[in-house]
Every structure is written in structure tokens, then in C-alpha cells.
Amino acid sequence: MYGNDHNGRMTSTAGNRYRQRITAQQAAELAVARVPGQIIHVDLELDNHLLKYEVYILTDQGVVYEVIIASKDGRILSVERED
């Protein structure tokens with residue numbers, strides 16, 4: 001689907017659907033606020049037409065959690081303990 005931006009240029013709304021809105025740093029900060037610990041790794045993935053961050057955190061108890069965050073708005077989609 002195409003449209004015009006505020007300067008009259010053609011834009012593709014299909015491409016905008018996947019555009020990242022928050023940074024990896026912001027995703028990491030949101031994840032650590034939910035699961036306190038040390039960030040091990042942050043990935044940006046496209047899954048079922050949803051661009052999301054996968055943030056891996058090591059807690060003080062030695063447990064690793066994966067926190068999944070929507071890149072569009074920073075919503076926490078899930079928190080899972082890794083085995």
C-alpha cells in the first residue's frame with residue numbers, strides 16, 4: 001500500500017509495518033525493569049509479521065530469562081525462564 005508523507009513524497013506503508021520504534025537499549029532497560037539482572041544478549045527478530053526484541057537476562061540467582069518486547073511500542077509480550 002502506498003501513500004504520501006507530509007512532504008508529498010511517496011511512501012510504502014507495507015514497509016513501515018516492520019519499522020523499529022524503540023532501540024535495543026530501550027528494550028534492554030524495559031526488560032531489566034521487569035526481570036532484574038545482567039543483560040546477556042539482545043536480538044531483534046521478525047516473527048509472524050511482528051518485529052520484536054528478545055532480551056536474555058542472567059539473574060543474581062544464576063537463572064536466565066528471555067524477555068520478549070514488541071519493538072513498535074515497548075510492550076512486554078512474554079517472560080520465560082530458560083532451561
Side-chain angles (χ1 to χ4, degrees):
M1 196 169 198
Y2 293 92
N4 293 322
D5 68 8
H6 63 281
N7 293 321
R9 294 179 297 228
M10 288 293 288
T11 59
S12 168
T13 55
N16 292 339
R17 178 176 19 179
Y18 302 115
R19 184 164 294 152
Q20 173 182 334
R21 305 275 194 236
I22 67 169
T23 65
Q25 179 66 35
Q26 290 169 319
E29 291 170 2
L30 290 166
V32 170
R34 181 69 171 267
V35 179
Q38 177 184 351
I39 301 291
I40 298 172
H41 189 74
V42 179
D43 282 328
L44 182 61
E45 300 284 332
L46 181 62
D47 183 29
N48 291 327
H49 304 288
L50 175 65
L51 196 58
K52 63 183 182 177
Y53 286 102
E54 297 174 347
V55 183
Y56 296 88
I57 300 171
L58 176 64
T59 67
D60 290 340
Q61 295 75 30
V63 178
V64 175
Y65 284 89
E66 178 187 30
V67 181
I68 299 181
I69 299 176
S71 70
K72 183 177 179 179
D73 58 11
R75 275 182 305 126
I76 294 178
L77 302 174
S78 68
V79 177
E80 296 180 9
R81 182 181 173 147
E82 296 289 299
D83 292 325

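The structure presented is a predicted model; accordingly, all values stated were derived computationally and were not measured.
At a threshold of 4.5 Å between non-hydrogen side-chain atoms, the residues Gln38 and Ile40 do not count as touching. At least one side-chain heavy atom of Ile22 sits under 4.5 Å from a side-chain heavy atom of Tyr53. Between Ile68 and Asp47 there is no side-chain heavy-atom pair separated by less than 4.5 Å.
Leu77 and Val64 fall into different hydrophobic clusters, defined by Ile, Leu, Val, Met, Phe, Trp and Tyr side-chain heavy atoms under 4.5 Å apart, directly or through other members. In terms of hydrophobic clustering, with Ile, Leu, Val, Met, Phe, Trp and Tyr side chains grouped at heavy-atom distances under 4.5 Å, Val32 and Val35 are assigned to a common cluster. Hydrophobic clustering (side-chain heavy atoms under 4.5 Å, transitive across Ile, Leu, Val, Met, Phe, Trp, Tyr) keeps Val67 apart from Leu58. Linking ILVMFWY residues whenever their side-chain heavy atoms come closer than 4.5 Å, directly or via other members, places Val42 and Leu51 in the same cluster.
Without hydrogens or angle criteria, Asp43 side chain to Glu45 main chain gives no donor-acceptor distance under 3.5 Å.
With respect to Tyr56, the side chain to side chain donor-acceptor pair (under 3.5 Å) criterion is satisfied by exactly one of Glu82, Glu66, His41: Glu66.
Distance check, rounded to the nearest 0.5 Å: CG of Leu44 to OG1 of Thr23 gives 11.0 Å. One distance of note links CD of Glu54 with CD of Glu80; it measures 9.5 Å at 0.5 Å rounding.
For the pair Gly74 and Leu30, the tightest heavy-atom approach, listed with the atom from each and the gap, is O-CD1, 3.5 Å. Residues Pro36 and Thr59 share a closest heavy-atom pair of O-CG2, 3.7 Å.
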